[in-house]
Amino acid sequence: MNIIWNKTSGQFHLYNDRISYIMGVGVTGELTNLYFGKRIHEKEDMSYVVFKMGMPNVVVDADTETYSMELNRQEYPSFGTTDFGTQAFEIETANGSRISSFVYKNHRIYPGKKGIDGLPATYAADDEAMTLEVDLTDEVAQMTLTLFYTIFDKYPVIARHARFVHNGNAGVRLTKALSICLDLPDQDYEWMQFSGAWARERIPEVRKLGTGTVSIESKRGVSSANQNPFVIIKRPNTDEFAGEAIGFSFVYSGNFIAAAEGGNHDRLRVLMGINPDRFSWPLSEGETFETPEAVMAMTDSGLNDLSRTYHRLYNNNLVRGRWKNEPRPILNNNWEATFMDFTEETILKIASKAKEAGVELFVLDDGWFGDRNDDFAGLGDWIENPKKLPQGMAGLARKINAMGLKFGFWIEPEMVNPDSNLYRRHPDWVLSVPGRKSSLGRHQLVLDFSRKEVVDHIYDMLYKVINGAPISYIKWDMNRSLTEVFSLDAGPNEQGTIYHRYVLGVYSLYSRLIEAFPDILFESCSSGGNRFDAGMLYYAPQAWCSDNTDAIDRIRIQYGTSYGYPIVSMGSHVSAVPNQQTGRRESIRTRANVAYFGTFGYELDLNEISEEEFEEVKGQIEFMKKYRKLIQFGDFYRLRSPFETDQAAWMVVSEDKNSAIVGFYCMRSNVNTLPGFLRLMGLDPDRLYRMEGDEYYGDELMNMGITLSCFYKKGFTISEDHASFVTVIEAV
Ligand code: DGJ
């Protein structure tokens, strides 16, 4: 890895073994992109790729009659100085002008990577990455813009963000400040997004790009289940196994936009950042605004390779602390077993059976605090309900610990029910517009986390509950979108900052809790997977994937999630049948075969299942304990797509290629068809492997494939609807 500054040509070349990113100071001092793609040789001057000919409609200045920004590639474009594309930022100056013109001033290159104040970001030691900071200035607006680029040594990845500083005293307003813009020289790409809604999150959708704009966004205050802040552009012939693609992942948990804009001269512009709609940030003299980070990864070897880059990067350089690269405890959560209707006795009964099965962690979900017996009351009152927890959280936690289980519990700190002591005492602490009705969501209002005293108060309440008790885990939920976003504490000039300040407030509460309790494992949740994003992973290394725990739906949800996020980040549980969301009755085997590919746990009362099933559960837990390191941190391959076929399959392979585990699922059985073959990936072609007692060469399994009929012989009934198998492959 290296970053070269060619002084004479004014060009930068960031490269590692796999990629090159080249840009330079352009005709009028702006930064121009020259190349991003597979690694190419270093050359002092690449300015021949800048397009200067003919008579463009408008030119930047009289001396450069042939140069228009519209026909070239910009690093971080503004609007209105010959570029007519979508701008990466916009500054409104005191006189109302929205024209900016930033020119190169200087730069710094250094090993490693700096953090971003108050925001999540990837991190790197000095030998893991190099960073380039380029300062540009606009003398008229009296602004300095710094663009940050980090190239990682081991990954085909560039992480980017931007910082604005106002040096004058006139005051300006940032009305748009995206994190990334990548201009490419052609439009022969497809766009892949991960969309859905509650209970059907992150379903891939692909469309062809061309002239015009394709864009997705969230304006819900959270990244959302509707559109995930992760997109891919890929060549039309790129599939899981071969071909070029570029991923864009936003390390942020609030409103966002991601767009691809095809211009009329072949340029394709990809943009990602905080949604400019509802964003307006005033800057006075000396004030700074720093955008969140966006992480761009490139592959020329297919989508599986792109996903593995994100998995490795996020496991090694985003997730932090005690749980980084640690296999996750197998848990039992009481939510679907009891909802809020429980006593300490019922909880202990569920926990005791869980312990007997081999579970390691018990999680008490919603309903333990205030007057919380249904979802109409109690949110905001983070004090144990003595009727349910007579000896408090500490008392229950100790009893659970005495059984040999770790203990954790549920919170939803950003919310308040109107029927709560917190709201009665502080009605002004919610996001609401004076004189207007506040919309409810699940009978709750949103606390104004842009206010420090609100976050402080919630922190103090939670601290008291956690501090005295042996707590190993916290599930942090967030169950409604933001509406009537207005802070009673902010002036008219500052209302456009509230969405972002809210997210900063959430991050600050996470940071304080993590600092106070560094050993606690946090799992983020938002009505299931409504805030499953890279920003959250910086604080909570795992996230509840979806409230839809139906195994068949979960195959799709987990398959879609795997494009941008590591397997170990996906909260996945075996729940009761009939499934509470879909009414389906999957076998306990298929439910576990899906849930293994995630954090793994149970979301039911194990007292309620049959003895045979309980025996099977014991075996499942034993299996997961033995193989979780491989499943959660191995190299993951999607083999067969549930979106394209009537089957689904995926596998994980250990780094040394000694072991692998394959999961196969029949989504729908087809009559009078042959079982066929499933070609594996990632094995050593020359080694002999054992699978279900027989031996096969790696090349045999990868080129010919597993003969699925073997699994009939072994007693699996994989031709039935929703049958499945998980098989272990070990090098001999
Ligand atoms: C929504 C979550 O996604 C569920 O798992 C559960 O924790 C409920 N909230 C509790 O209210």
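Only heavy atoms go into these numbers, but all of them, side chains included; no hydrogens, no water, no symmetry mates. Order of appearance sets the numbers: ligands from 1, and atoms from 1 within every ligand. For reference, positions follow the sequence shown, starting with 1.
Set against the non-hydrogen atoms of W544, the atoms of ligand 1 under 4.0 Å away are 3 (O), 5 (O). For ligand 1, the atoms sitting less than 4.0 Å from at least one non-hydrogen atom of G528 are 3 (O), numbered in the order shown with element in parentheses.
At a 3.5 angstrom cut-off on N or O pairs, C525 does not count as close to ligand 1. The shortest N/O to N/O separation between D365 and ligand 1 falls below 3.5 Å. An N or O contact shorter than 3.5 Å links D547 to ligand 1 by distance.
Around atom CZ of R638, more than 12 heavy atoms belonging to other residues, nucleotides or ligands sit under 6.0 Å away.
No heavy atom of M340 sits closer than 4.0 Å to any atom of ligand 1. For E336, the heavy-atom gap to ligand 1 stays at 4.0 angstrom or more.
Taking all heavy atoms of D477, N479, N334 into account, the minimum distance to atom 2 (C) of ligand 1 is reached by D477.
Residue R442 touches ligand 1 through its side chain alone, judged by heavy-atom distances below 4.0 Å. Proximity of S527 to ligand 1, defined as any heavy-atom pair under 4.0 Å, is confined to the backbone N, CA, C and O atoms. If you look at K475 next to ligand 1, the close heavy atoms, those under 4.0 Å, all belong to the side chain.
Ring geometry for W335 versus F339: interplanar angle over 60°, hence perpendicular rather than tilted (30 to 60°).
Using a 3.5 Å distance cut-off with no hydrogens or angles, the side chains of Y502 and S487 do not pair a donor with an acceptor. At a cut-off of 3.5 Å, with distance as the only test, a side-chain donor of S481 or R220 sits close to an acceptor on the other residue. In summary, the side chains of T549 and Q581 do present a donor paired with an acceptor at a separation below 3.5 Å, with no hydrogens or angles considered.
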Query raised in the report: Should L513 and I520 be marked as a side chain to side chain contact (heavy atoms under 4.5 Å, CB included) after you check the CA-CA gap, both sets of side-chain angles, and the distance that decides it?
Result: CA-CA 9 Å; L513 288 171; I520 288 182; over 6 Å; no
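In this structure, Y563 has its ring center no closer than 6.0 Å to that of F230. The distance between the ring centers of Y602 and H573 does not fall below 6.0 angstrom.
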